[in-house]
Amino acid sequence: MPKPNTSRIMDAQRQRQQISKKAQNYVPSTIYLQVVGSGARGVPNTLYLFTDQKRYLFNCGESTQRLAHEHKVKLTRLDHIFITNKTWKNIGGLPGLSLTLQDVGVPNITLHGPEGLDELYKATKRFVIMKDMNVTLAPCSPSEDFVDNVMTVKYVLLRPENILKPDLNPAKKPKLSSDTTSAAFEEFIHDETDYYNPDIRNMEEKKNNNFKQKNKSPEKETVRKKAERALHELEGKSQCTVAYICTLKKRLGTLDLAKCVEKGVKPGPLLGQLKSGHDVILPDGTHVKSKDVKTPDDPGPVFIVLEVPDISYLNVDDFSSHYNNGHNSVENIPVVVVHFTPPHVFRHPIYRMFISKFGPTTHHLVLNEDNTCLGSEAVHRTQHRLHVLDADVFPLLRDASIPAMWKSQPPTEGIVGKANCLEELKNRIAFAQFQNIIRMEETIKDNITECPETKYDFMTGRTLTMFHLRPKKCLDRSAEPKLHVQDYIKETMEVEGFSKSLEQYREIVSKMGSKKEMFKAEYPKVIFLGTGSCIPSKTRNTSAIVIQIDENRSMLLDCGEGTFGQLVRFFGPKRVNNFLRTLRAIYISHLHADHHMGLIGVLQARREAFSDQSRVPYEPVQLLAPGQIVTWLLLYDQQFESIRDDYALITNQSLLEAKSNSLGTEMTPASLSRIGVQHIRTCLVSHCPNAFGVAIDVDGKHKITYSGDTIPCKELVTIGQNSTLLIHEATMEDELAEEARIKMHSTTSQAIQIGREMNAKYTVLTHFSQRYARLPRLSAHILHDNTSVGVAFDNMQIRMKDLELLPYMYAPLQLMFAEHCVELEVKAAHRARRRERGTGSPPPAGKHIHYSLPGSTPPATDVSTPPTPATTSNDSDKQLDSIDDVTEQTNDQLTKFGTPVRDHSASSTRSVEHRRPYRPASAESSLTKFGTPVRDHSASSTRSVEHRRPYRPASAESSRGAISNIQFVTLLAIGAHRRAKVQDHEDTIRPLSQLLAL
């Protein structure tokens with residue numbers, strides 16, 4: 001998770017406070033409501049209030065941050081978050097979002113909601129460290145409104161009608177289960193470890209292995225009694241939701257200067273009086289009314305946000321001053337009412353009668369599980385592209401909630417030969433994927449229904465649905481996400497060289513087909529749901545991996561925020577319940593938030609899946625986790641929602657290899673049989689206190705080892721010996737080894753080396769830093785001899801018989817994401833130059849220093865570079881033919897300064913000259929990155945913003961050279977060029993045409 005830089009955060013906070021002060025005296029002119037999460041199953045019901053001064057958020061469920069990041073909804077401008085009800089659906093995204101807001105310099109966040117809402121931060125204090133941001137809970141009282149320069153918010157507290165009535169037959173209070181209050185768990189509860197303290201690397205083994213019960217005096221209150229007392233005190237607090245009646249501040253009309261001139265008003269103080277709404281008398285005695293020279297005032301529309309969890313919470317008199325009954329003023333009638341109310345209450349006749357009281361002029365925006373929109377277009381875009389490579393490993397998602405668009409293709413007359421075949425191939429692939437989506441769309445529709453008595457304006461909330469409140473009042477669906485399948489296929493297939501690389505990969509698949517037929521077993525199967533680190537991005541979610549042991553049993557390795565949403569996308573909203581009923585165990589590697597903040601959402605969804613199928617008896621899932629997790633789960637159970645019956649905790653400490661005996665682990669044979677595995681072993685790894693790796697012997701034939709987060713660890717090698725599959729974190733590239741060591745993570749080469757040491761048959765890399773959004777940067781020496789290493793993607797499924805294909809995927813993947821790979825090389829070149837400037841004087845003009853990858857030997861001498869004239873795409877091949885004096889190592893590894901970059905500034909495309917001389921005083925030496933000059937820190941040379949070339953997408957014809965150059969870079973970088981056998985002592989680069997032919 002993010003580790004704050006205090007000085008940087010303080011600077012950002014000061015800037016933010018200065019901006020806020022300037023805006024306090026002005027009423028915003030642009031205001032709209034925007035849906036972030038539709039409330040569909042697997043996504044949050046989150047509403048964003050945008051003004052041109054401040055931002056507000058209503059509810060913050062899991063994946064709020066990820067959806068906001070994808071759709072560029074700026075949550076960093078938040079000051080206030082309004083929560084309607086203390087359920088995980090509404091607050092599951094708060095911990096992760098708070099860490100991000102703290103990291104970008106937000107000084108204060110004010111929560112509005114039911115009493116006890118701030119207890120969430122006390123419950124998560126071990127893994128959500130709020131040192132540089134203050135989180136406060138506003139007193140939500142009906143007698144005291146919230147007021148700022150944007151709006152006035154009135155709180156309406158909703159409670160069940162019978163909450164104050166005495167119960168003649170009170171039910172017995174639920175007791176905490178005995179396993180959660182055992183002596184060992186009490187030891188975990190009293191542990192006060194700081195999991196983000198950089199000085200703490202790991203717990204000593206003795207501290208984890210020796211759990212002795214403390215001698216307790218009779219006077220000491222047990223955890224059981226404390227918990228029961230807390231339940232009694234919080235009983236009333238938990239049964240309350242808060243509705244918000246929001247009234248925007250009145251905005252005065254603007255002064256029409258043309259009308260002022262017409263009335264004879266001269267420049268001066270009279271204009272200010274008219275603008276303020278005062279009538280004036282001119283020197284000639286003319287009476288000028290303010291309303292005659294101004295646009296009409298905006299009185300400030302009203303909107304209501306509410307959630308009624310049960311019909312007993314609804315008291316219609318609470319909103320009587322806003323009903324359209326002929327007695328209330330028009331200004332008090334809400335323009336829109338936002339309903340977070342669950343479907344079974346929304347359909348209730350009493351609730352429909354309540355809706356009818358607002359009259360036909362009020363719009364109703366519905367955000368609940370009747371909606372279907374999951375909101376992410378980027379996830380589909382990546383999956384459609386990967387699906388072209390391998391339809392089995394990268395299946396299309398079963399989320400058909402985003403409409404797919406199809407545009408008719410222009411006639412292909414004039415396109416002949418190979419180009420025509422390629423065009424037909426693109427259309428055929430796109431149309432096949434489009435048809436699959438259409439078939440799924442027919443089975444998924446929103447379930448919002450209208451009132452049978454009277455038709456009211458019910459609006460289904462979808463991601464990026466907007467309702468404008470100022471200056472106009474209207475619904476706007478133009479920004480809602482859509483799928484453009486043809487574009488996804490086109491941008492993949494048009495990369496020069498990809499089609500050939502794809503053909504070569506499919507030839508490999510066909511050759512291996514007969515061998516794969518020998519292994520007909522579909523299980524065990526591994527599904528990657530989250531392959532990113534720290535915070536979720538639009539292409540990689542936080543850690544989560546499914547192991548499907550057989551068709552009736554599965555387990556989950558780690559459970560980052562948004563894991564349930566990923567399950568819904570992969571299996572579909574209908575089939576996800578079938579999977580959840582097969583989920584027997586959840587393993588948590590350590591207590592950093594990005595590895596377990598999705599746990600409660602999965603537990604609740606699993607219980608709901610069993611409630612839909614009464615024939616299958618409900619059993620709690622076996623939770624294999626560090627024992628310290630019990631504190632968080634116990635506090636959430638006491639203060640928010642009951643979850644204690646949804647899991648049975650087995651501590652990772654009890655599964656340590658050192659504690660196992662001849663009979664296996666402390667897990668009973670019945671527990672292992674229920675999960676469907678033979679053995680489960682854990683070991684301590686070097687990342688943070690109480691961090692674990694795990695080895696799972698599935699059936700005696702297949703062994704899967706998962707590292708969690710760690711630096712290279714011998715203990716993991718020990719328990720993972722002879723694994724079929726090692727899933728190892730590879731957060732950073734090899735050049736950032738020192739940064740990885742400081743943050744206690746592994747590089748790609750380190751992860752691969754661990755696989756070799758444990759004699760793992762295959763290694764799959766995961767948990768990539770979000771700087772590698774598409775593809776990690778692997779060293780060339782790894783790629784030259786890669787027969788066992790694969791790269792994980794979200795929504796990737798692997799059967800054991802598919803493992804041998806993974807190493808062959810990297811070459812076409814590098815071409816598929818060529819621009820991303822070029823960008824990584826550009827950044828690497830920057831780092832190399834910074835290191836060079838920091839360690840010595842820059843090289844003289846006309847010389848180029850080779851920056852070698854780790855594990856290689858740099859050339860003994862510099863290579864002289866003759867002046868090279870500027871070229872265009874038409875003669876780039878000739879230029880490459882004429883380059884001399886390049887060593888064999890340069891052919892094997894990517895020369896940093898010779899990275900071809902697409903220049904969008906004109907109709908032609910040029911490549912940066914290979915081995916361009918280092919010219920520190922020249923503005924021309926600045927590295928051009930996708931058409932944007934990058935600042936050169938070497939001397940006084942900094943290209944001004946005015947000289948930046950505007951972005952102009954190149955035409956298909958003019959971009960041919962750029963694509964060719966990008967392919968040339970990737971061929972050198974990824975090892976596809978290894979088929980070009982470079983002879984010993986060869987000192988020239990092969991012509992580009994020869995490389996492409998190979």
Side-chain angles (χ1 to χ4, degrees), residues 3 5 7-8 11 731-743 747-749 769 771-772 777-781 820-868 870 883 885-887 889-890 892-903 910-949 969 972-973:
K3 294 176 175 58
N5 183 322
S7 60
R8 176 182 57 80
D11 292 340
T731 308
M732 298 181 186
E733 62 188 272
D734 293 346
E735 290 184 5
L736 301 177
E738 179 61 21
E739 182 179 347
R741 185 190 64 81
I742 293 172
K743 296 182 178 180
T747 66
T748 53
S749 291
S769 168
R771 72 189 75 187
Y772 314 112
R777 184 171 179 259
L778 300 185
S779 298
H781 71 275
H820 173 73
C821 296
V822 170
E823 184 178 358
L824 292 180
E825 297 302 328
V826 169
K827 291 179 179 178
H830 273 293
R831 290 195 301 268
R833 287 207 305 278
R834 285 198 300 267
R835 286 196 299 269
E836 181 63 30
R837 286 195 293 267
T839 56
S841 58
K847 296 285 186 178
H848 171 67
I849 290 182
H850 292 269
Y851 289 90
S852 302
L853 296 171
S856 61
T857 305
T861 59
D862 297 337
V863 180
S864 299
T865 305
T868 306
I883 296 177
D885 299 322
V886 180
T887 63
Q889 179 177 351
T890 310
D892 288 340
Q893 300 174 0
L894 180 64
T895 302
K896 302 299 181 180
F897 287 114
T899 304
V901 179
R902 180 179 295 182
D903 184 355
R910 61 180 182 178
S911 59
V912 178
E913 296 87 353
H914 280 270
R915 299 163 291 132
R916 175 178 289 189
Y918 188 88
R919 294 190 287 271
S922 171
E924 294 180 359
S925 65
S926 298
L927 181 63
T928 303
K929 175 181 174 184
F930 299 111
T932 302
V934 180
R935 183 173 182 176
D936 185 353
H937 302 275
S938 56
S940 60
S941 171
T942 303
R943 184 171 295 188
S944 62
V945 176
E946 290 79 8
H947 289 87
R948 293 183 180 178
R949 299 184 181 94
V969 172
L972 290 176

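Computed from heavy atoms alone, side chains included, the values below leave out hydrogens, waters and symmetry copies.
Leu736 meets the side-chain contact (heavy atoms from CB on, under 4.5 Å) test with Met732, Glu733, Glu739, Arg771, Tyr772, Arg831; sequence neighbours excluded. Considering only residues two or more places apart in sequence or on other chains, Thr748 meets the side-chain hydrogen bond (donor to acceptor under 3.5 Å, both in side chains) condition with Asp734.
Residues Ala740 and Thr747 share a closest heavy-atom pair of CB-CG2, 3.9 Å.
Taken to the nearest 0.5 Å, the CZ atom of Arg835 stands 13.0 Å off from the NE2 atom of His830.
Between Glu738 and Arg741 there is a salt bridge, since at least one side-chain N of the basic residue sits less than 4.0 Å from a carboxylate O of the acidic one.
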